[in-house]
Number of protein chains: 2
Amino acid sequence: METRVHKVRSDVRRHRVTINDVARELGMTKSTVSRALNGYPDISESTQLRVREAAQSLGYRPLANAQAIRTGRLRAIGLVLQLNEHDRHRPFLADFLAGISEAASAADWTITVATATSDEDTLRLLCKLADEHKADGFIVPRTLWDDRRVTFLREAHVPFVLYGRTGNSDGCAWFDIASETATQNAVELLHDLGHRRIGFIPGGRQYTYSRLRLEGYKAGLKRVGIPFDPDMVSRSALNPDEGGEAVVQLLSLKQPPTAIVSSIDRAALGAYAAARKCGLQIGSDISLISYDGIEEGELMTPALTTFSADVHLAGVRLTELLIKRINGVPPEALRELRPATFVARQSHGPMTRTPEEIAAIVSRAKNKVEEKQ
Amino acid sequence: METRVHKVRSDVRRHRVTINDVARELGMTKSTVSRALNGYPDISESTQLRVREAAQSLGYRPLANAQAIRTGRLRAIGLVLQLNEHDRHRPFLADFLAGISEAASAADWTITVATATSDEDTLRLLCKLADEHKADGFIVPRTLWDDRRVTFLREAHVPFVLYGRTGNSDGCAWFDIASETATQNAVELLHDLGHRRIGFIPGGRQYTYSRLRLEGYKAGLKRVGIPFDPDMVSRSALNPDEGGEAVVQLLSLKQPPTAIVSSIDRAALGAYAAARKCGLQIGSDISLISYDGIEEGELMTPALTTFSADVHLAGVRLTELLIKRINGVPPEALRELRPATFVARQSHGPMTRTPEEIAAIVSRAKNKVEEKQ
DNA sequence: CCACTTGCCGAAACCGGTTTCGGAACCTTG
DNA sequence: CAAGGTTCCGAAACCGGTTTCGGCAAGTGG
């Protein structure tokens, strides 16, 4: 046995064990071997057993590519990642990939990935991978509200599953984390701590999550009886710099917020320096609650309170859903919403200053800066 | 469910243009079409042209899996990533993948990835992907000095290319960035700035780079005429916490360093807080030069001086080398070493304090901490 | 004018599998 | 014991390509 395995290994290139080898060894035809290994009912139990044992001991592994040309099933899931200059820094990529790979391996599937640099590029690669049948179906990450990938895959009748929701979800299977609920909870929590002016920093406009989190913010306000004020919503922010600008925008209002809810952690990271520049300290002077759960949040002072999304789990579930979808389960039966996890750290707390006090501090800080110049 | 599967399948089949469709359209046999498209010399120029045009206009795309069962070539490169709990936080994964994907796409190849959680898992997946021929060759990232992946791939006669060097490089193609030279340069630079006691924080022991950087450190010392002192080499550090501990270890010496060279940025990030705890400020009281070029380094105060490795380029070159290797180029001709880029920021500077002064400050800071307790 | 290349393409085998079809052996049943 | 039904497997077609082989027609040399 030991030597046999070793032999197989060193012979990978020269000659692998084929179904014909197994058939010859057993004195059967390859059709019988094939049906036995695939559990067809017209092969007797005893024969199936014999074939399985022989295949095992010979180290036979069917070639997925060869199977695919007849069955049309490669047992590969496709993934096209868009890594813009913009969000090249994807904190969750490793976790996400690990989740997908874990679930795929468990089902004996593999992953085909490609990376793209723009929307067009993404669509082109998706189209190419589908055309050349490099994958049986696709995981579509970071859904947009109006997503051309979805349109394409739907029309091409290629199975897919979305990470996130989208505008028209006809025929879509999806997995998502209820960030709108998290955002709503953040507002309610801040209200319970005495805050009445609560600002909001949206994420990238085109993404579905951005829409949902804004809705969650509004739902939270409604729930606690605070009227919605458009001024309390800043420009959208996708990185620390933009996050900082958003915070400055909110704090420069005549009636600035005493607490801020940020759509994404990356933007919230920029809030610290921006607030400091305005003479305020996150956590003590002004509260901040964000969403995502990136590692860096924990290293900030004070550490960032956030709602954490389990991206590893997302990868696992998306893969399981996609495999089911490829096996013919209707998309309507493959939709899953999970809650985010609240990670209470030190960037939020009871209201300590009124909007008026904050406005005064900010104005004083601004004058100081101007004096220096 | 059964009917649905059949429907999908027939749908896919309906869409796909096969080589037979092209042949029928042209009134030729598929063998002629195949040879024409593959540029065989026994097909006339004019026929080749006609076939190419017809294939183009019909939208024919050969199925890589179908080609592979005869040619044995899938045009897919394999990548098994080990994402330990430990270094799940891989800052370069996105860049690395993007580089690989870019080069693979350009050559019309695809990528098959899998992630593993341990050395054994990595080896198992590598073996499985090779056995089932899911890829024509592999990129092996993060080489160890004694690397079982290399042993396996070599014995199995599977083409591969290493990202990094290894103990026994017989039959190995590789790409690497000369971090040993960078480390040496760091030492020389610090010497030029007046530093004479220069500490070193090694990375993960089993990795080849760790060995090389230590050698670079020693080479730098030798070059400038400083005798090597084993005490100047701390325990190895792979993350901010361990980096902090390493710094404390060095600063607690009777003759502490006035400058520190760190093997990896992640460890250097922890140096800031650790130095502060010892009463010292990075950049002004003590110099720090690191290696990697991660984004976070720029956000530190003062920003981290480091040698940056172009991981995107690494992905591109590794892919190009691997494809050549698979095409039969001997591994000895596929070895490439590139320099790292020096990124001068604010964490290093002229020597401002002697080792004795530093020792005094550290000892005072320690007493203070003890008093508080 | 005939033998001999040479250029070019069709026919068929092949790759490693899956799937359809048909028939032999066995079992039931009347 | 004949008729009919089951069980189980072999033969052959098939999937979408590649590659080998051979032959026809045109060109070339003697």
Side-chain angles (χ1 to χ4, degrees), chain A residues 11-51 54-55 58-76 131-134 136, chain B residues 2 5-6 9-51 54-55 58-76 108 131-134 136:
Chain A
D11 279 3
V12 162
R13 191 184 53 96
R14 207 176 57 193
H15 200 62
R16 51 183 11 271
V17 180
T18 73
I19 195 170
N20 282 311
D21 298 328
V22 179
R24 197 178 316 117
E25 179 78 16
L26 288 165
M28 308 197 261
T29 62
K30 63 176 182 174
S31 63
T32 306
V33 174
S34 172
R35 278 172 296 166
L37 290 177
N38 291 321
Y40 275 57
D42 66 342
I43 302 294
S44 70
E45 289 284 337
S46 60
T47 303
Q48 293 208 9
L49 201 67
R50 276 211 309 151
V51 171
L58 289 176
Y60 169 66
R61 288 258 182 88
L63 222 50
N65 330 320
Q67 297 179 304
I69 83 174
R70 183 71 219 251
T71 62
R73 292 268 297 280
L74 204 50
R75 287 195 323 202
D131 255 25
E132 302 182 357
H133 199 95
K134 296 283 191 172
D136 299 316
Chain B
E2 194 58 27
V5 168
H6 280 290
R9 200 181 290 164
S10 66
D11 231 347
V12 167
R13 193 178 299 173
R14 193 188 55 189
H15 272 305
R16 165 148 289 111
V17 180
T18 72
I19 195 170
N20 283 311
D21 298 328
V22 180
R24 199 178 313 116
E25 179 77 16
L26 288 165
M28 308 196 266
T29 61
K30 63 176 182 174
S31 63
T32 307
V33 174
S34 171
R35 277 172 298 167
L37 290 176
N38 291 322
Y40 274 57
D42 65 344
I43 303 293
S44 71
E45 289 283 337
S46 61
T47 303
Q48 293 207 10
L49 201 66
R50 278 208 310 149
V51 171
L58 288 176
Y60 168 67
R61 289 256 184 86
L63 221 51
N65 355 337
Q67 296 180 304
I69 82 173
R70 184 70 220 249
T71 63
R73 292 271 228 73
L74 249 184
R75 289 195 323 198
D108 203 25
D131 256 22
E132 301 182 357
H133 199 96
K134 298 281 191 172
D136 299 316

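Every chain is numbered from 1, with letters handed out A, B, ... down the list of sequences.
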If we ignore hydrogens and angles and just use 3.5 Å, is the side chain of [X] paired with the main-chain N or O of [Y] as donor and acceptor?
{"X": "B:T47", "Y": "B:I43", "answer": "no"}
{"X": "A:D136", "Y": "A:R75", "answer": "yes"}
{"X": "A:H133", "Y": "A:G72", "answer": "yes"}
{"X": "A:R50", "Y": "A:S46", "answer": "no"}
{"X": "B:Q48", "Y": "B:R35", "answer": "no"}
{"X": "B:N38", "Y": "B:S34", "answer": "yes"}

Could you please name the option among D:dG17, C:dT18, D:dG10 that lies closest to any side-chain atom of B:A66? D:dG17
Among C:dC9, C:dG17, D:dT19, which is the nearest nucleotide to the side chain of B:T47? C:dC9
Can you check the [X] [atom1] to [N] [atom2] distance for me, whole Å?
{"X": "B:I43", "N": "C:dC9", "atom1": "CD1", "atom2": "C1'", "answer": "6 Å"}
{"X": "B:L37", "N": "D:dG17", "atom1": "CG", "atom2": "P", "answer": "10 Å"}
{"X": "A:Q48", "N": "D:dC8", "atom1": "CD", "atom2": "P", "answer": "10 Å"}
{"X": "A:R35", "N": "D:dT7", "atom1": "CZ", "atom2": "C1'", "answer": "12 Å"}
{"X": "A:I69", "N": "D:dC15", "atom1": "CD1", "atom2": "C1'", "answer": "4 Å"}
{"X": "B:E132", "N": "C:dG16", "atom1": "CD", "atom2": "P", "answer": "16 Å"}
{"X": "A:M28", "N": "D:dA11", "atom1": "CE", "atom2": "P", "answer": "13 Å"}
{"X": "A:Q67", "N": "C:dG17", "atom1": "CD", "atom2": "C1'", "answer": "7 Å"}

Using a 4.0 Å heavy-atom cut-off, does [X] contact any base of the nucleic acid, only the sugar-phosphate backbone, or nothing at all?
{"X": "B:R61", "value": "sugar-phosphate"}
{"X": "B:S31", "value": "base"}
{"X": "B:T71", "value": "sugar-phosphate"}
{"X": "A:T18", "value": "sugar-phosphate"}

Among all residues two or more places apart in sequence or in another chain, which pass the side chain to side chain contact (heavy atoms under 4.5 Å, CB included) test with A:I69? B:A66, B:I69
Assuming nearest nucleotide by heavy-atom distance, tell me which of A:S46 and B:K30 is located more 5' along DNA chain D. A:S46
N or O in side chain of [X] less than 4.0 angstrom from [N] OP1/OP2:
{"X": "B:S44", "N": "C:dG7", "answer": "no"}
{"X": "A:N38", "N": "C:dT18", "answer": "yes"}
{"X": "B:T32", "N": "C:dC9", "answer": "no"}
{"X": "A:Y40", "N": "D:dC9", "answer": "no"}

Axis deviation across the helix from C:dC1-D:dG30 to C:dG30-D:dC1, five-pair ends, to the nearest 10°: 50°
Mark yes or no for a side-chain to base donor-acceptor pair under 3.5 Å between B:D42 and C:dC8, with no hydrogen or angle criteria applied. no
Looking at B:E132, I'd like to know if its CD atom is crowded, meaning that more than 12 non-hydrogen atoms belonging to other residues, nucleotides or ligands lie closer than 6.0 Å. yes
